[in-house]
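Scroll down for the structure; my scribbles are underneath it.
Fair warning: this is a prediction, and the values are worked out from it, not measured in the lab. We number each residue from 1, following the sequence as shown. Values below: every heavy atom of this structure, side chains too, minus hydrogens, waters and symmetry copies.
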Amino acid sequence: MNCSVCGAQLPEGANICPRCGTATSSYASALGINDPTAEASYVRQPPPPPPTSYGPDPYAANAPYTPSMPPYAHDPYTPYPSAPAPQPPKKGRGRLVTTIIGVVVVCIILFGSGIFFVNQHNAQVTQQQHATATALAQSHATATARAQQNSNADPYVPGPSTLVLNDPMHDNSKGYAWNETTVNAKGGGLGTCAFTNGAYHVSRTEKGSLICHSKTLAFNLSNLALEANLTINQGDYSGIAFRMDNTTEKGYVFVIGAGGDYVLDAFNFNADINHEYTVLSKGNSPAIKRGWHQANLAAIVANGSTISTYINHQPITSVQDTTYTQGAVGIYGYGQSSFDVMTTGVRAWQL
């Protein structure tokens with residue numbers, strides 16, 4: 001007879017299926033429908049363990065005794081743990097990688113663009129520099145040409161004038177016949193006019209003054225502009241003489257001092273020593289470079305009765321005087337003891 005539920009073969013007289021625990025018909029008929037203990041008996045009895053396929057059915061009739069097998073190393077009903085499934089890549093890491101790649105690409109693009117623009121900018125700068133250099137060279141050439149054309153222009157008088165004296169004073173080769181002599185100076189000592197070491201020197205061994213002039217009669221000028229580059233190597237004053245009469249030793253002199261002062265005088269060396277000079281104007285000027293071995297450009301403009309003075313192209317003073325009207329030009333020096341005044345350039349314009 002077989003179990004009505006699982007179909008297993010039932011032992012003879014079995015009340016319960018040894019495989020699934022289902023009560024058999026013999027168990028039900030034996031209890032009776034009105035037996036009050038049937039349900040309780042059924043519940044309290046634990047079902048026997050289900051049969052396995054590893055040996056004969058222990059509940060089968062006449063089943064031989066078989067000793068229990070040693071336990072398996074692993075639970076036969078529990079499968080071996082399987083390897084964990086691979087985890088999908090994290091979205092955050094993928095985005096990070098994508099972002100890095102994008103940044104690298106953008107940097108490459110920007111770097112390439114930067115090189116292009118830098119090269120383009122450098123090329124533009126080079127072109128601009130070349131154009132600027134060319135413009136400066138052209139401007140310099142133009143200025144040089146104009147300077148060469150206008151180097152003889154009178155910088156003090158805007159009207160028409162004629163350059164009549166232009167001497168760098170290196171020597172006496174320009175034909176202006178500057179004094180080259182040593183004389184016994186009035187009041188004592190020796191006075192010397194000489195070209196020395198590429199410059200014209202006016203000097204004296206004792207206290208007093210000295211004027212060294214050009215002997216060319218063409219320089220007996222009336223209206224003129226005169227300038228001279230003067231340096232006091234020793235002594236107190238350097239200056240320029242104009243409208244000077246060499247015979248009577250009279251004329252005008254404009255002097256600048258090592259201490260920063262200036263004087264415009266009318267002089268008469270035939271007068272007594274206390275009345276040789278008549279002061280027309282004097283003062284101090286910041287335009288004067290003070291001290292020895294300082295070059296100063298002294299200039300005058302004598303036009304009619306108006307006499308104007310300049311130092312280093314700066315206007316200093318202007319006076320009215322008619323004492324002398326024409327004469328020669330010369331270089332002046334003065335010292336309380338000995339002196340030496342050097343000249344490195346003289347120019348004169350006839351107005």
Side-chain angles (χ1 to χ4, degrees), residues 144-157 159-183 185 190-204 209-235 237-247 249 251-256 293-303 307 309-313 324 326-334 339-351:
T144 302
R146 290 178 179 175
Q148 291 175 350
Q149 293 175 358
N150 300 325
S151 61
N152 296 332
D154 184 352
Y156 306 102
V157 179
S161 60
T162 302
L163 182 69
V164 293
L165 190 156
N166 186 8
D167 197 338
M169 306 298 282
H170 298 323
D171 51 36
N172 216 356
S173 63
K174 297 297 182 181
Y176 298 114
W178 293 96
N179 289 118
E180 290 186 277
T181 185
T182 297
V183 298
L190 298 177
T192 302
C193 305
F195 286 95
T196 304
N197 297 325
Y200 190 57
H201 290 258
V202 178
S203 59
R204 185 168 176 171
S209 62
L210 182 67
I211 296 176
C212 298
H213 64 279
S214 169
K215 293 180 287 185
T216 304
L217 295 179
F219 297 136
N220 289 323
L221 302 174
S222 177
N223 298 329
L224 76 156
L226 172 67
E227 70 174 14
N229 195 5
L230 306 172
T231 301
I232 301 174
N233 294 326
Q234 184 180 357
Y237 289 93
S238 65
I240 50 178
F242 58 99
R243 287 182 176 178
M244 182 177 63
D245 187 331
N246 293 329
T247 302
E249 296 183 331
Y252 294 106
V253 63
F254 175 54
V255 301
I256 55 178
H293 310 293
Q294 297 292 327
N296 285 284
L297 187 66
I300 61 92
V301 175
N303 192 3
I307 302 175
T309 62
Y310 302 83
I311 297 174
N312 297 320
H313 295 294
Y324 308 110
Q326 70 175 18
V329 297
I331 306 302
Y332 174 89
Y334 175 84
F339 68 84
D340 178 63
V341 171
M342 180 176 69
T343 308
T344 55
V346 179
R347 294 194 299 174
W349 296 264
Q350 184 174 10
L351 305 182

Notebook entry, point to check: Is the gap between the ring centers of Y237 and Y332 under 6.0 Å?
Noted result: no
Check: Do any N or O atoms from the side chain of N312 and from the backbone of L297 form a donor-acceptor pair under 3.5 angstrom?
Finding: yes
Checklist line | Donor-acceptor contact below 3.5 Å, side chain R347 vs main chain L163 | finding: no
Check: Quick one: are the ring centres of Y156 and H313 less than 6.0 Å apart?
Finding: yes
Notebook entry, point to check: Of all residues at least two apart in sequence or in a different chain, which pass the side-chain contact (heavy atoms from CB on, under 4.5 Å) check with N233?
Noted result: H201, T231, H293, D340, M342
Notebook entry, point to check: Measuring from L351:CG to L221:CG, what's the distance to the nearest 0.5 Å?
Noted result: 9.0 Å
Margin query: Y334 vs V255, test: side chain to side chain contact (heavy atoms under 4.5 Å, CB included). Steps then yes/no.
Written below: CA-CA 9 Å; Y334 175 84; V255 301; over 6 Å; no
Next item on the list: Using atom types as modelled and distance alone, determine if a side-chain donor or acceptor of R204 lies under 3.5 Å from a backbone N or O of S209.
Entry: yes
Item checked: Residue pair V183 / L190, side-chain heavy-atom distance below 4.5 Å -> no
Check: Given F254 and I256, is the side chain to side chain contact (heavy atoms under 4.5 Å, CB included) satisfied, shown in steps?
Finding: CA-CA 7 Å; F254 175 54; I256 55 178; 4.3 Å; yes
Checklist line | Nearest-0.5 Å distance that lies between atom CG in L210 and atom OG1 in T192 | finding: 8.0 Å
Next item on the list: Compare every heavy atom of A328 with every heavy atom of N220, then report the nearest pair and how far apart it is.
Entry: OD1-N, 3.5 Å
Note to self: I'd like to know whether N229 forms a side chain to side chain contact (heavy atoms under 4.5 Å, CB included) with T343, so could you lay out the CA-CA distance, the side-chain angles of the two residues, the decisive distance to 0.1 Å, and finally the verdict.
What the structure shows: CA-CA 6 Å; N229 195 5; T343 308; 5.7 Å; no
Checklist line | Minimal non-hydrogen separation, G333 against V202, with atom names | finding: N-CG1, 4.3 Å
Notebook entry, point to check: So V301 and I307, side chain to side chain contact (heavy atoms under 4.5 Å, CB included) or not? Walk me through it.
Noted result: CA-CA 6 Å; V301 175; I307 302 175; over 6 Å; no
Next item on the list: Using distance alone, with no hydrogens and no angle criterion, decide if N223 and Q350 have a side-chain donor and acceptor under 3.5 Å apart.
Entry: no
Margin query: For the NZ atom of K174 and the OG1 atom of T216, what is their distance to the nearest 0.5 Å?
Written below: 14.0 Å
Notebook entry, point to check: Who are the side-chain contact (heavy atoms from CB on, under 4.5 Å) partners of V341, not counting sequence neighbours?
Noted result: S238, F339
Notebook entry, point to check: Is any side-chain heavy atom of H213 closer than 4.5 Å to a side-chain heavy atom of N246?
Noted result: yes
Check: Roughly how far, to the nearest 0.5 Å, is the CG atom of D171 from the CE atom of M169?
Finding: 10.0 Å
Notebook entry, point to check: Quick check: does any side chain N or O of N296 sit under 3.5 Å from a backbone N or O of L230, one acting as donor and the other as acceptor?
Noted result: no
Check: Under 3.5 Å, is there a donor-acceptor pair between the N179 and T181 side chains?
Finding: no
Item checked: Minimal non-hydrogen separation, V346 against A228, with atom names -> CG2-CB, 4.0 Å
Check: For the residue pair A348 and L226, what are the closest heavy atoms and their distance?
Finding: CB-CD1, 3.9 Å
Note to self: Show the nearest heavy-atom pair for residues V253 and F242, with the distance to one decimal.
What the structure shows: N-CE2, 4.3 Å
Notebook entry, point to check: Is there a donor-acceptor pair under 3.5 Å between the side chain of S214 and the backbone N or O of W178?
Noted result: no
Check: Are P155 and Y310 close enough that some pair of their side-chain heavy atoms sits under 4.5 Å apart?
Finding: no
Note to self: Please find the pair of heavy atoms, one from A299 and one from E227, that lie closest to each other, and give the distance.
What the structure shows: CB-CB, 3.8 Å
Margin query: Would you compute the distance between atom OH of Y252 and atom CE of M244 and round it to the nearest 0.5 angstrom?
Written below: 14.0 Å
Notebook entry, point to check: OG1/T162 to CH2/W349 distance, rounded to the nearest 0.5 angstrom?
Noted result: 11.5 Å
